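This report concerns only the one structure given below.
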There are 2 protein chains.
Amino acid sequence: MTNPMYRQIAEDLREQIESGGLPPGHQLRTELELREHYGASRNTVRDAIKWLTTLGLVETKPGQGTFVVSKINPYVTTLTADPKGPGGDIGPASDAVADETQNRIITSTDPQVEIQKAQASVARRLSITEGAQIISRHQRRYIDGTPWSLQTSFYPMEFVLKGASRLIQADDIQPGTVSYLAEALDLQQVGYRDLIKVRAPEVTEAIFFSLPQDGRVGVFEIFRTAFDQTYMPMRLTVTVFPTDRNEFIINVGDVPPFDPSTDDT
Amino acid sequence: MTNPMYRQIAEDLREQIESGGLPPGHQLRTELELREHYGASRNTVRDAIKWLTTLGLVETKPGQGTFVVSKINPYVTTLTADPKGPGGDIGPASDAVADETQNRIITSTDPQVEIQKAQASVARRLSITEGAQIISRHQRRYIDGTPWSLQTSFYPMEFVLKGASRLIQADDIQPGTVSYLAEALDLQQVGYRDLIKVRAPEVTEAIFFSLPQDGRVGVFEIFRTAFDQTYMPMRLTVTVFPTDRNEFIINVGDVPPFDPSTDDT
DNA sequence: GGGTATTTGTCCGTATGTATT
DNA sequence: AAATACATACGGACAAATACC
C-alpha cells in the first residue's frame, strides 16, 4: 500500500507548494540537488517533476530550471444576454474595448472571411445539407494583449445571394450582424442556444494560446446556434477558450449584477 | 529541428488511431513488440505511450496492455430552467428518474447533511460572515449506474432557526427546496446565477469518478447562487462534473427544443 | 488455490543533446 | 566559449498486476 518513491517526492514538493512555502513563480531546486536531497536517482526525481507537471503545479524550462506555476486571473464571460441585442457573437466586436467591471482591455483581429463547404457538424447545427456552401468569419481575440479566444461564425451562403453582401466583407459589421441581418433580410434573431463542452486543444490552438503541447490544459468549445422568428437556425458561432483563463456566467431570472470580487478560490 | 524519437513513435501510433486503423477499445502491441518494431529502447517506447496517455488517446492497464480509449456518450444538462420551478439544484432530486429525451437513468444518493462553518468562498457567495454556521447537503449522482456528479448545497443556519427544519433532515425535500422555503420562510427564489469554471479534480473526486490520478481529465465546477425577492443570496449549490462525460446547454430567448442527435463529434 | 507466463510499473546508472545564461 | 539545467535515449533489474492453466 506504500506509494512509489517518485510519488512520495512529488507529494512532498506538492505540500511545499500548496502550503505557500514555494510561492508561484518561485524556482525549485535543480534535479541534481533534489536527487541528493531525496537520495534517489535523477530519473526518479524527473518522474516526480513530470507528475507535478501534468498536475499543472510546476513548469520546466530547459537551461533555466523548474518553476511553480502562477495562477492566471480568469476572465469572466456572461453567456446570457439579450437575444435581440448584439449578443450574436460571444464577446465584443472588433477594435479595442474596455471591460470596466473587470478592468481589462479586449482587442480582436479583423474577421477572416472564407467560403467553405459545410462540415457534418456545422451542417447539422445549421439544418443544411452537408457540403453546402457556407460563409465562415473567423476572429482572434486578446485580453490585455494575451490570446483569449478563437471564434468562427458560419452563415448559409444563401444569405449573401439574397442580399446580405456585407457578410463576405472582411470588415466588422457595425452595429452588429443581428441588426444587419434584420434589416437586410428581415431575419429576426429571437433566441440562441449554447452548447458547452471541454476537449483537448488542437495543435494550432495550443500554439496560438501557448498551451503545453500535450493536452493537459483543455479548451472550452461553445457552439452558439441562433434562431430566427421561424425557429430555424440562422447562424452558428463556435468559440474556443482555454480553460485555464476563462470562466462563464449564466443568469436566469432576476438577479443582481455580478461582483467580480466574489470570485476566486 | 527534427522531432525526438518518442514523439515520432507517438505520431505514428496516433495516426493509426485517428485513421481508424486502431479502433476504440482495441489493444496496442506490447511495449516489447513496439520496441522491436521501431528499433528503439523500451523506455523510449514507454515515453511515446506516456505522451499518448496525457493526450487522452490511450490508457494502460498493468498486466494487460495498452488500449485505445473509447469515447463516452456525454450527458447534456440544461442550465437555464424556470427560476421559480424546482431548478434550484442542478439535475433531478433523489430516487431514480428516467431522462427520456436522452434515454438515460439517473439515480442519486440520499442527502448527507452536515453543519459546518462557512469557508471563505462559500461565505462570500452567500453574503454571510466567514465562519458562520451553515447547513451543507451533499449528494452523489449516477447516470446509467456510473458516477456523474457531486453536489453540495449550502444554506444559512438561520433558515433552520426560523423554522425550516427539514433542511437538516437527511431526506429528500419534496416537491423541492424552492417551494419548501417559499412556504416555510416566505423566501421566493426569483433567479439564480451560475459560474462555470474548469479545474483539476481533487483526489477524492478522482477516486469517485474513476478519473486518472494525474489531473489530465478536468472537472467542471458550477457555483449556482440563488437569490430571493430581496436580491439576497439564499442558497449556494456547488456541483462538480467530469469534463469527459458532461456537456451543458444554455437557452436564451425563444428557442426550439434541443435535439440530442445534432450533437456529437 | 497455486503456479507460471505475460505485461506494465518503478528505479537505477550512464551518456549525449539542446536551450539558456 | 563555458557553465548550467533540463531533455532524450539506452540498457538492465526487479516489482506488481493480471490472465490462464
Side-chain angles (χ1 to χ4, degrees), chain A residues 1-14 17 22 25-69 206-207 210-216, chain B residues 1-14 17 22 25-69 206-207 210-216:
Chain A
M1 193 45 232
T2 142
N3 271 333
M5 190 188 304
Y6 80 96
R7 293 283 290 272
Q8 295 181 26
I9 296 174
E11 257 326 293
D12 189 66
L13 291 170
R14 178 190 192 142
I17 291 170
L22 292 171
H26 194 275
Q27 181 169 4
L28 268 66
R29 280 172 289 182
T30 69
E31 294 174 351
L32 295 189
E33 287 171 332
L34 292 172
R35 164 181 156 278
E36 298 210 351
H37 182 271
Y38 290 107
S41 83
R42 184 179 161 229
N43 278 329
T44 302
V45 169
R46 279 180 61 75
D47 283 344
I49 290 176
K50 187 164 229 165
W51 183 258
L52 294 176
T53 298
T54 77
L55 282 175
L57 291 176
V58 302
E59 60 187 346
T60 57
K61 300 181 184 174
Q64 301 183 54
T66 306
F67 301 85
V68 181
V69 298
I207 293 170
S210 299
L211 299 176
Q213 281 289 319
D214 60 19
R216 52 174 207 279
Chain B
M1 192 49 227
T2 141
N3 268 332
M5 189 189 302
Y6 80 97
R7 294 282 289 272
Q8 294 182 26
I9 296 174
E11 255 329 288
D12 189 67
L13 291 170
R14 177 190 192 141
I17 292 171
L22 292 171
H26 194 277
Q27 181 170 4
L28 269 65
R29 280 171 291 182
T30 69
E31 293 174 354
L32 294 188
E33 287 171 331
L34 292 172
R35 164 182 155 279
E36 298 211 351
H37 182 271
Y38 290 108
S41 80
R42 184 182 162 224
N43 277 326
T44 302
V45 168
R46 279 178 63 75
D47 282 345
I49 291 176
K50 186 164 231 164
W51 182 259
L52 294 175
T53 299
T54 77
L55 282 175
L57 291 175
V58 303
E59 61 186 345
T60 57
K61 298 181 184 175
Q64 299 183 59
T66 305
F67 301 84
V68 181
V69 297
I207 294 171
S210 299
L211 300 176
Q213 281 288 318
D214 61 19
R216 54 176 203 278

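When reading the values below, keep in mind they use all heavy atoms of this one structure, side chains included, and skip hydrogens, waters and symmetry mates. Proteins come first, then strands; the chains are lettered A, B, ... in the order of their sequence lines, and each starts at number 1. Please read all numbers here as calculations on a predicted model, not as lab measurements.
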For this session: Start with the C-alpha distance between A/T44 and A/Y38, add both sets of side-chain angles, then the distance that settles side chain to side chain contact (heavy atoms under 4.5 Å, CB included), and finish with yes or no.
Result: CA-CA 10 Å; A/T44 302; A/Y38 290 107; over 6 Å; no
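Regarding contacts with the backbone of D/dC10, a side-chain N or O of B/T44 is found under 4.0 angstrom from either OP1 or OP2. Between A/R46 and D/dA7 there is a side-chain N or O to OP1 or OP2 distance below 4.0 Å.
Distance alone, capped at 3.5 Å, places no donor-acceptor pair between the A/E59 side chain and the A/P212 backbone. In terms of modelled atom types and a separation under 3.5 Å, the side chain of A/Q213 and the main chain of A/A206 share no donor-acceptor contact.
In this structure, the nucleotide among D/dC6, D/dT18, D/dC10 sitting nearest to the side chain of A/T66 is D/dC6. Out of C/dT21, D/dC6, C/dC11, the shortest distance to the side chain of A/M5 is found at C/dC11. Side-chain atoms of B/N43 lie closest to D/dG12 of the nucleotides D/dG12, D/dT18, D/dC6. With D/dC10, D/dT8, C/dG9 as the choices, the nucleotide that has an atom nearest any side-chain atom of B/R42 turns out to be C/dG9.
Non-hydrogen atoms lying under 4.0 Å from DNA chain D are contributed by B/P62, B/G63, all within residues 52-63 of chain B.
For the helix from C/dG2-D/dC21 to C/dT21-D/dA2, the end axes, each set by the C1' atoms of five terminal pairs, are bent relative to each other by 20° (nearest 10°).
Both A/Q64 and A/R7 lie near DNA chain C, and the one whose nearest nucleotide falls closer to the 5' end is A/R7.
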